[in-house]
Amino acid sequence: MSLRLGDVAPNFKAKTTEGEIDFYEYLGNGWGILFSHPADYTPVCTTELGKTAALQDEFAKRNTKVLAVSVDPLDKHKGWINDINETQNVNVGFPLIADDDRNVAGLYDMIHPNASATATVRSLFIIGPDKVVKLIITYPASTGRNFVEVLRVLDSLQLTANYSVATPADWKEGEDVIVVPAITTEAAYEKFPKGVKIVKPYLRYTPQPNK
Ligand code: BEZ
């Protein structure tokens with residue numbers, strides 16, 4: 001059965017370009033992003049791994065470890081990473097899983113047979129420190145991911161986890177956020193000393209608490 005939001009992310013052991021890893025041990029107590037690629041030496045994936053490498057500091061700032069999956073073997077991954085470093089002007093410093101037995105692809109339902117019988121689709125999972133799946137995005141093989149959106153969702157999830165706020169449509173870092181419905185307005189005034197703007201009893205904004 002496929003994974004859904006709120007499910008516990010399955011643990012696994014895997015061969016990676018950074019050695020054997022246990023997924024949960026690799027994540028530790030932080031956040032994680034697991035994302036799949038149709039195959040090595042493909043153009044869109046090359047740019048995506050390059051972009052992920054370029055954003056390594058941004059992920060680290062958010063206490064988030066990234067981990068890529070491709071169903072090709074380790075020796076092929078290593079050659080491809082050299083190409084990524086060369087063409088994208090980066091230094092890939094996160095593991096790329098060699099999922100040649102399709103174990104991780106199966107656990108995370110990354111093969112959609114009607115799209116391709118063998119290649120993984122472009123799936124991305126954000127996993128919280130509690131190992132629960134917080135976000136699933138699936139792109140077709142021909143569309144590279146929007147990493148600005150990935151960071152934006154990560155920021156939103158971390159605000160919700162730490163401050164009981166939600167984020168409105170198209171929210172960007174620094175803009176007002178929404179008080180979650182579970183908090184009474186009385187409690188909101190106490191919890192958010194920067195102020196609460198009540199547009200409707202169910203639509204209440206407060207300045208971003210960690211700014
Ligand atoms: C790619 O990963 O680059 C790709 C895969 C399938 C179709 C087009 C591009």
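A donor-acceptor contact shorter than 3.5 Å links the side chain of Thr46 to the backbone of Thr42. A donor-acceptor distance shorter than 3.5 angstrom exists from the side chain of His77 to the backbone of Ile97, with no hydrogens or angles considered. Side-chain atoms of Tyr26 come within 3.5 Å of backbone atoms of Val66 as a donor-acceptor pair (strictly under, hydrogens ignored). With hydrogens and angles ignored, the 3.5 Å screen pairs a side-chain donor or acceptor of Lys194 with a backbone N or O of Gln208. A distance-only check finds no donor-acceptor pair linking the side chain of Tyr24 to the backbone of Lys131 [under 3.5 Å].
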Exercise. Go through the steps for Glu186 and Glu190 under the test side-chain contact (heavy atoms from CB on, under 4.5 Å), then give the verdict.
Key: CA-CA 7 Å; Glu186 196 184 10; Glu190 252 183 56; 5.8 Å; no

Practice problem: Apply the test side-chain contact (heavy atoms from CB on, under 4.5 Å) to residues Thr17 and Leu74: give CA-CA distance (whole Å), side-chain angles for both, the deciding distance (0.1 Å), then the verdict. | Solution: CA-CA 7 Å; Thr17 49; Leu74 210 47; 4.2 Å; yes

Quiz item: Under the side-chain contact (heavy atoms from CB on, under 4.5 Å) criterion, do Lys134 and Leu5 qualify, and how do the steps go?
Solution: CA-CA 6 Å; Lys134 308 291 185 187; Leu5 299 190; 5.9 Å; no

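Annotation for Gln56 and Val92: closest pair OE1-C, 3.9 Å, computed over non-hydrogen atoms. Between Ala188 and Ile183, the closest heavy-atom pair is N-CG2, 3.6 Å. Here the closest heavy-atom approach between residue Arg145 and residue Ser36 is recorded as NH2-O, 2.7 Å. The minimum heavy-atom distance between Thr167 and Ser156, with the atom names listed, is OG1-OG, 2.7 Å. Smallest separation of non-hydrogen atoms from Lys13 and Asp22: NZ-OD2, 3.3 Å. Heavy-atom minimum distance, Pro95 versus Glu18: CA-CG, 3.6 Å.
At least one side-chain heavy atom of Leu34 sits less than 4.5 Å from a side-chain heavy atom of Phe12. No side-chain heavy atom of Thr16 sits less than 4.5 Å from a side-chain heavy atom of Leu96. A heavy-atom distance below 4.5 Å is not found between the side chains of Asp7 and Val132. Between Glu48 and Tyr139 the shortest side-chain heavy-atom distance does not fall below 4.5 Å. The shortest distance between side-chain heavy atoms of Pro209 and Phe192 falls below 4.5 Å. Arg122 has its side chain out of reach of Pro140: every pair of non-hydrogen atoms, C-beta onward, lies at least 4.5 Å apart. Counting heavy atoms from C-beta outward, Leu67 and Ile21 have side chains that approach closer than 4.5 Å. Side-chain contact between Pro129 and Trp31 is present, with at least one heavy-atom pair separated by less than 4.5 Å.
Note: Tyr205 OH to Glu175 CD = 10.5 Å, rounded to the nearest 0.5 Å. Separating the CG atom in Asn63 from the CG atom in Leu27 is a distance of 10.0 Å, to the nearest 0.5 Å. For the atom pair CG of Leu135 and CD of Glu149, the computed distance is 8.0 Å after rounding to the nearest 0.5 Å. Note that the CD1 atom of Ile111 and the CG atom of Asn114 stand 12.5 Å from one another [nearest 0.5 Å]. Taken from CG in Asp155 to CG in Leu151, the straight-line distance is 6.5 Å, to the nearest 0.5 Å.
Using a 4.5 Å cut-off between side-chain heavy atoms of Ile, Leu, Val, Met, Phe, Trp and Tyr, with links allowed through other members, Leu124 and Leu3 fall into the same hydrophobic cluster. Leu157 and Tyr163 are members of different hydrophobic clusters when ILVMFWY side chains are connected at heavy-atom separations under 4.5 Å. At a threshold of 4.5 Å between side-chain heavy atoms, the hydrophobic network of Ile, Leu, Val, Met, Phe, Trp and Tyr places Val150 and Val148 in two separate groups. Under the 4.5 Å side-chain heavy-atom criterion for ILVMFWY residues, a single connected hydrophobic cluster contains both Leu49 and Ile137. Cluster annotation: Ile84 and Tyr41 are assigned to the same hydrophobic cluster (Ile/Leu/Val/Met/Phe/Trp/Tyr, side-chain heavy-atom contacts under 4.5 Å, transitive).
Remark: Asp99 does not engage Lys15 in a salt bridge, criterion side-chain N to carboxylate O under 4.0 Å. Using a cutoff of 4.0 Å between basic side-chain nitrogens and carboxylate oxygens, Glu173 and Lys211 are scored as salt-bridged. Contact check on Asp40 versus Lys76 returns no salt bridge, with no Lys/Arg side-chain nitrogen under 4.0 Å from an Asp/Glu carboxylate oxygen.
Geometrically, Lys65 does not engage Phe94 in a cation-pi contact, judged by NZ or CZ lying under 6.0 Å from the ring centre and within 45° of the ring axis.
None of Asp176, Ile178, Asn210, Thr206 except one satisfies the side chain to side chain contact (heavy atoms under 4.5 Å, CB included) rule with Val165; the exception is Thr206. The side chain to side chain contact (heavy atoms under 4.5 Å, CB included) test with Ile33 is passed by exactly one of Val153, Thr52, Ile127, Ile126: Ile126.
Side-chain contact, Trp80 with Ser70: no donor N or O sits under 3.5 Å from an acceptor N or O. Inspection of the Arg204 and Thr185 side chains reveals an N or O donor paired with an N or O acceptor under 3.5 Å.
Aromatic ring orientation, Phe35 versus Phe147: perpendicular (interplanar angle above 60°, classes split at 30° and 60°).
Shown here is Asn162, whose CG atom has more than 12 heavy atoms of other residues, nucleotides or ligands within 6.0 Å. Atom CG of Asp170 sits in a sparse spot, with 12 or fewer heavy atoms from other residues, nucleotides or ligands closer than 6.0 Å.
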